[in-house]
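In what follows, chains are A, B, ... by sequence order, proteins preceding strands, each numbered from 1.
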Amino acid sequence: MSHLDQLNSAQKEAVMATEGPLLVIAGAGSGKTRVIEHRVAHLVENGVSPEKILLLTFTRRAAGEMLRRAAGHVKAAEHVEGGTFHSFAYKMLRKYGTRVGVPKKFSILDEGDAEEAIHRCATQLGFYDKKERFPKKGALRKVVSQAFNKQLTVEAVLLREYPNFLHLADEVERLRDRYAEYKMEKGYLDYDDLLFFLLMLLQQKETQVFIAEKYSHVMVDEYQDTNRAQGEITYFLGRENRNVMVVGDDAQSIYGFRGASHENIMEFPKRFSKTKVIKLEENYRSTQDILDVANAVLDNMASKYSKEMRSAHGEKGVCPTMLFFGNSRREAEWIAGKIKELRDEGESFHHQAVLFRSTYASISLQAELARRNIPFQLFGGVKFYETAHAKDLISHLKILVNLQDELAWNRVLMLLEGIGPRTASQITDDIISVQDFSDVFEILDRHASVGRYGDGLKRLLSLLREVTHEKIPPLEQLKQVSKYYEPIFRTKFDDWPKRLNDILVLQEIVEQYKNLDQFLADFVIDPPRLGVMAEAEDHDEKPLTLSTIHSAKGLEWDYVFVIGLMEGVLPSGFALGRDDEIEEEHRLFYVGVTRAKKQLFLSASYLSSRGRFDSAHREEMGSGEISRFLTAPNVISKVEHQMFVEEDGGDDEGEVDYDDEGIGPVRRKEELW
DNA sequence: AACACAATCCTTTTT
DNA sequence: GGATTGTGTT
Ligand SMILES: Nc1ncnc2c1ncn2[C@@H]1O[C@H](COP(=O)(O)OP(=O)(O)OP(=O)(O)O)[C@@H](O)[C@H]1O
């Protein structure tokens, strides 16, 4: 029982309340996740088998952290079940999907695949034949997805996001229906379908009974990040035995763009009668100096999240620092220098993080870190599984697993010289009408008589013959495919040397699988943790973290730098002029600030690195002003300011001339604002 | 029907 | 800056 000593009384109460619905609502760093950890340990110690405990949350990163921490106290706890809602849905639907009409074998469409599918549907419906411009696939996917995630009509989403296409609501709705049919016909599920069909499954009484037997306790972390579907899923998971605990912080709700809101938290006690509500009052993460800033930020928001946070240790700490630079390269130089300095004083890279609103805000810093040989790990931005070269290779593997995979075939064929959309579609249609490889070979053989692309098809044919000839391990298959792909790869990408390493990385990942099918599923649902940049690879030292604020949720570091605090960056340019979105940006800032344990740096630079290209958007991006979240009087009065501005104002395109001296900190207080 | 090049549009955060 | 759409050529 010793682990219970690591909890305060409110936390203990939550841990000991092992029966009945429970809502833990508390500010950042108050030990909510710790409650989950210890509740798992406590349950396991009291005889609950770990497989009967289900832990869920929305983001992969938070899920990983939660599972890691939950396994930390009692050995057996490493067998608890859980992950993201999506990964749980995938596992359930694999086994029981047919009960709700999901094809027996299905594969997952990532965003790019989904867009491709939607494009095909829209083309089939003739929406691109008309003279009038029809929204492009990316926009269409967004509308369809948002309508589901926010539970809105297509019309309502259009009104908000694409008012210029409002008159096309009927067509978009027809497209949505067609897309839904298409997916069922072809055995595809997109991310939203995972939640949709899981919910459908859980609505069946027999599933509820079965789930109640399989899982005695369900816990959801970061509950404010759940949207309507996920809230319903939680409800049905707990409906039979009512042992559901959700934890969250309404002030940290930052996924409004996909339909998450604090409503689920507020509604929880209504959905589950006799819910025990526990609030945690003390903050164990940050120094009081940091919390003072965080409290001020909370106070500035339109909604009143009146949770005054105070440090449990009563530790005052170091005053947060605000830094202002002439341009983003100077910002990057200074921050990289500071990080190095801290490391040399004994604060390892691993305990420091740089956070930003969107990945592009970190580009200068990435370059600078690489230049200084500082190892870092990047979270957010383009996912490995979304890069064109990875998708090319993966498509070949998908074919091997599912010969009817139309989208994969199309992609593979389009890579060949002389084959464009038209020919690719024709050949694909022929192929998916047959059932086994020998027939496919025959079809390819037949098409290979066309001189224009015959050679390419013959190469493909011989590759396929080789990898299907006998049972060979996934890694061997991938190696063959890579060899086949190499010449295509070199022609297709001018920057292929930069991408080459990814191909080897992919092989390393595949090496761990005996089963291609499993690999392909994991690759999209639970992608391997490899944010490790090439720069970091030959270091033994654990890397620095670079992360979007979204992906930093639930995590903490001793030293945190939040960069790019300008109007148009944070708050994002997209949010300007929309009150509800500004509010969400504000919460995002709050999340960033509350990641810091010991010291917090907040930085802004007058010109972003792409500032001069962005003339088209400069207006809405807010002309280089410091973020309103920072200039609020009650915030700025709680931080120390340092200015680093050169006499000439700083030219971003200047010659590369690194000079760590020369620009001294100029302490100012009020003048600038 | 495919391709190369030019003009034009759009750019976030996650699964 | 990249992605997509349009135009002219093969
Ligand atoms: N009772 C406690 N005594 C000492 N340290 C604690 C206690 N509770 C939590 N902590 C520590 O405080 C930090 C924050 O805890 P935790 O991550 O559980 O907070 P959280 O409420 O989940 O935060 P967030 O809202 O940011 O996800 C962690 O380092 C945790 O180990």
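Of the side-chain N and O atoms in Thr84(A), none sit less than 4.0 angstrom from OP1 or OP2 of dT14(B). Contact check, Ser551(A) against dT13(B): no side-chain N or O comes under 4.0 Å of OP1 or OP2. When the side-chain nitrogen and oxygen atoms of Thr548(A) are compared with OP1 and OP2 of dT14(B), one or more of them lie within a distance under 4.0 Å.
Which of dA2(B), dT13(B), dT4(C) sits closest to the side chain of Lys136(A) comes down to dT4(C). Of all nucleotides listed (dT14(B), dC3(B), dT12(B)), dT14(B) comes nearest to the side chain of Tyr255(A). Listed candidates were dT13(B), dT14(B), dA1(B). Nearest to the side chain of Arg422(A) is dA1(B). Comparing dT12(B), dC9(B), dT14(B) against the side chain of Phe257(A) picks out dT14(B) as the nearest. Closest to the side chain of Gln426(A), from the set dA1(B), dT12(B), dT4(C), is dA1(B).
Residue Leu415(A) contributes atom CG, which lies 11 Å from atom P of dC3(B) at whole-angstrom precision. The nearest whole Å value for the distance from the CE atom in Met566(A) to the P atom in dT12(B) is 16 Å. Distance, Asp526(A) CG to dT14(B) P: 16 Å, rounded to whole Å. In this structure, Phe574(A) atom CZ and dT13(B) atom P are separated by 9 Å, rounded to whole Å. At whole-Å resolution of the value, CG in Asp495(A) and P in dA3(C) are 10 Å apart. We find that CD of Glu585(A) is positioned 13 Å from P of dT12(B), with the value rounded to whole Å. Remark: C1' of dA2(B) and CD1 of Ile427(A) are 13 Å apart, rounded to the nearest angstrom. To the nearest angstrom, C1' of dG2(C) lies 12 Å from CD1 of Ile363(A).
Taking for each of Val524(A) and Lys142(A) the nucleotide of DNA chain B with the nearest heavy atom, the 5'-most of the two is the partner of Lys142(A). When the nearest nucleotides of DNA chain B are assigned to Thr423(A) and Tyr162(A) by heavy-atom distance, the more 5′-ward of the two goes with Thr423(A).
Between Arg499(A) and Asp495(A), at least one side-chain N (NZ, or NE/NH1/NH2) sits under 4.0 Å from a carboxylate O, which counts as a salt bridge. Lys183(A) and Asp190(A) are joined by a salt bridge, as a carboxylate oxygen and a charged side-chain nitrogen come within less than 4.0 angstrom of each other. One finds no salt bridge joining Arg228(A) and Glu263(A) here, because no Lys/Arg side-chain nitrogen approaches an Asp/Glu carboxylate oxygen to under 4.0 Å.
Figure legend: cation-pi geometry between Arg258(A) and Phe58(A), with NZ or CZ positioned under 6.0 Å from the six-membered ring centre and within 45° of its axis.
Here Leu413(A) contributes atom CG and His447(A) contributes atom NE2; the two are 9.0 Å apart, rounded to the nearest 0.5 Å.
Under a 3.5 Å cut-off, the side chain of Glu583(A) and the backbone N or O of Ala302(A) do form a donor-acceptor pair.
Nucleic acid contact class of Gly380(A) (heavy atoms, under 4.0 Å, all strands): sugar-phosphate only. Residue contacts shown for Phe58(A) include a base, since a base heavy atom lies under 4.0 Å away. At the heavy-atom level, Arg133(A) lies under 4.0 Å from the strands shown only through sugar-phosphate atoms.
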